[in-house]
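Proteins get letters first, then strands, A, B, ... in listed order; numbering begins at 1 in each.
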Amino acid sequence: MTLLPAILSQLLHLALMLAAAPLLVGVVRWLKARLMGRQGPNPLQPWRDLRKLVRKQPLLAENASVVSLAAPYAALGATAAAAALVPGFAHGMLLAPMADLILVAGLLALARFALALAAMDVGTAFGDLGAAREMSFAAFAEPAFVLAVLAFAILAGTTNLDAIGTLLQEGMVGLRVTLGLALLALLAVALAENGRLPVDNPATHLELTMVHEAMLLESSGRQLALWEMQGALRLTLWLTLLAALFFPFGTAGADAGPLGWLLGLLAWAIKLGVLAVALAVFESAIAKMRVFRVPEFLGAALLLALLGAVFLFLSTGLA
Amino acid sequence: MGFGQLPYDVAHLLGGAVLLLSFVLLYQRRMAAVINAFATQGALLALAVAWQGWAQGAPGLYVTALVAAAAKAVLIPLALRALVRRFGLHRSAEPALGIGAGLIAGVALVALAILVVLPATTGAGALAREDLAMALSVVLLGMLMMITRRQAISQVIGLLSLENGLVLAAAGVRGLPLVVELSTAALVLVLAGVAGFFAFHLRARFESLDLSLLHRHRGERAEAEQP
């Protein structure tokens with residue numbers, strides 16, 4: 001692997017992630033609207049919203065501290081760093097040696113921490129409520145993620161995402177019960193992390209049920225644009241991560257030329273599209289869960305991940 | 001056979017799906033959802049057995065699969081649904097133990113099953129060993145469901161799901177005589193019949209299917225222990 005293709009693919013990957021994130025959100029919204037029989041906004045609408053928000057003057061509460069100003073940058077920075085690590089269309093990007101799954105989990109936790117801080121900064125009731133809920137969900141979602149990572153580490157012998165992806169792509173691991181259990185656990189975690197439907201409704205402003213939106217009530221203008229971008233990027237990151245772990249087909253190898261990249265890009269776009277359709281169908285079919293049942297739902301995800309890890313650990317240890 | 005070969009992988013995955021459905025049974029509260037999960041488990045069990053029949057080249061297992069599909073995926077769920085409709089039990093299936101505690105106990109039981117089965121079967125092939133571990137887990141989870149539920153119908157489903165585990169274990173081992181299989185299936189149908197009769201009788205006597213009402217008649221306090 002030479003340096004130049006690695007740098008090029010890394011830059012291309014990051015630029016594509018940033019460009020695709022609001023588009024993906026728009027596509028999911030459009031698909032959901034079509035499934036419900038509505039016309040639906042143009043998939044480019046989130047991009048237009050972002051452009052409008054950036055031009056507006058931000059309004060801050062009187063007692064807002066520097067946290068409200070700095071938190072969106074910290075959150076978006078951490079999410080973008082995590083997005084740069086997850087292999088999209090090609091393996092062997094510049095940051096691939098650093099692409100540790102635990103590092104990705106840590107960066108996402110950092111972004112969530114910044115979001116909760118910003119929500120609590122002004123001291124309004126809704127912001128505090130949203131932050132408290134987000135953190136109590138995270139207390140279940142993060143261990144589930146780490147346990148799923150543990151299962152992959154036992155299977156592949158490493159927590160490096162690039163190496164795991166390459167190994168899974170070669171099909172040496174086979175179909176395992178543990179992979180199925182980890183898939184279910186990670187799907188539940190992804191839904192919770194992104195505030196999607198059974199956990200939180202992304203399209204509502206009903207006070208009693210909202211989690212993610214409640215934390216953004218006090219931000220406006222540029223800050224709101226940053227938060228929206230961060231949410232969209234996080235969704236894209238999670239879908240790419242799921243694609244990299246469970247549908248590793250078609251991703252270009254480390255030494256593939258531009259032609260390999262082109263095929264990889266096509267495969268990546270197809271995978272994201274399929275996952276977006278699945279998400280839209282799932283969200284249209286299911287109702288939101290009561291807030292008090294969410295810890296139960298995420299606890300079940302945690303137990304599934306634990307079950308997968310236990311199964312693998314014992315059967316490899318005793319076989 | 002090892003990992004990476006199709007017959008092994010698919011058998012492993014189907015066994016895992018049956019095990020997963022046992023956890024769904026533990027997780028669900030509502031009666032209708034429990035019955036649906038049980039029907040799905042029966043269908044998956046039939047698929048798993050049929051796949052074993054193809055992988056082992058044993059046509060007898062196809063009959064087993066057919067019996068499992070007919071009885072467990074269609075007939076028994078239909079009968080249970082009729083019972084539920086008749087008794088008006090659509091809403092409640094409150095577990096005696098909490099859902100979270102039940103799931104944790106379930107994971108512990110799976111670990112126990114693996115710890116017991118794998119050292120005991122060192123001579124056998126990998127396919128038989130892990131399948132046996134999963135089948136034993138399904139059996140134990142069925143027992144757990146019988147312990148954690150109060151409703152008579154939920155306990156019946158726990159018993160039937162326990163039997164699913166037995167069939168899964170039998171299908172993984174080569175050379176199960178068809179006679180044994182048929183008599184087991186007949187036994188399960190008899191069991192279902194007896195359980196239905198039991199539920200009717202309970203209903204007639206106490207106007208409820210909540211088994212905790214029986215404690216009083218055994219001379220125990222209501223909270224003392226579960227049947």
Side-chain angles (χ1 to χ4, degrees), chain A residues 136 139-140 143-144 147-148 150-151 154-157 167-188 198 246 248 286-287 289-290 292-319, chain B residues 1-29 44 48 95 98-122 124-134 137 141:
Chain A
S136 62
F140 287 93
L147 275 174
L150 178 71
I154 297 176
L155 268 182
L167 195 77
L168 290 174
Q169 197 173 5
E170 285 163 1
M172 293 304 290
V173 182
L175 293 163
R176 294 244 192 166
V177 169
T178 302
L179 283 182
L181 294 172
L183 172 64
L184 290 177
L186 281 185
L187 282 177
F246 298 102
I286 205 158
M289 216 174 249
R290 287 181 64 202
F292 299 111
R293 289 209 58 189
V294 170
E296 210 170 80
F297 171 70
L298 289 175
L302 173 62
L303 279 173
L304 284 183
L306 178 68
L307 184 65
V310 162
F311 208 92
L312 198 60
F313 189 68
L314 290 179
S315 55
T316 48
L318 295 174
Chain B
M1 282 188 283
F3 282 108
Q5 286 164 303
L6 192 66
Y8 183 96
D9 281 349
V10 174
H12 192 62
L13 215 57
L14 284 171
V18 172
L19 177 59
L20 186 66
L21 259 296
S22 277
F23 273 96
V24 174
L25 281 174
L26 278 178
Y27 176 75
Q28 290 290 358
R29 290 165 195 264
L44 277 172
I99 296 269
L103 287 176
I104 291 172
V107 171
L109 283 179
V110 173
L112 178 73
I114 299 169
L115 280 175
V116 167
V117 166
L118 288 191
T121 54
T122 32
L127 174 65
R129 295 173 69 196
E130 292 209 355
D131 258 13
L132 218 53
M134 281 193 278
S137 310
L141 289 178

K.L.:
Could you go through the side-chain contact (heavy atoms from CB on, under 4.5 Å) check for Val110(B) and Leu307(A) one step at a time?
P.N.:
CA-CA 8 Å; Val110(B) 173; Leu307(A) 184 65; 3.5 Å; yes
K.L.:
Taking side chain as everything from C-beta outward and backbone as N, CA, C, O, which of these in Leu20(B) sits under 4.5 Å from a heavy atom of chain A? Side chain, backbone, both or neither.
P.N.:
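Looking at Leu20(B), just its side chain touches chain A.
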K.L.:
What part of Leu181(A) is in contact with chain B, defined as an atom under 4.5 angstrom from a non-hydrogen atom: side chain, backbone, both or neither?
P.N.:
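The answer is the side chain of Leu181(A).
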K.L.:
Which atoms of Leu14(B) come close to chain A, meaning under 4.5 Å heavy atom to heavy atom: side chain ones, backbone ones, both, or neither?
P.N.:
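Interface part for Leu14(B): neither.
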K.L.:
Within a strict 4.5 Å, meaning less than it, do heavy atoms of the Phe23(B) and Leu303(A) side chains meet?
P.N.:
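A side-chain contact under 4.5 Å is absent here.
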K.L.:
If I compare all heavy atoms of Glu296(A) with all of Tyr27(B), which pair ends up nearest, and what's the gap?
P.N.:
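So the minimum-distance heavy-atom pair works out to O-CE1, 4.1 Å.
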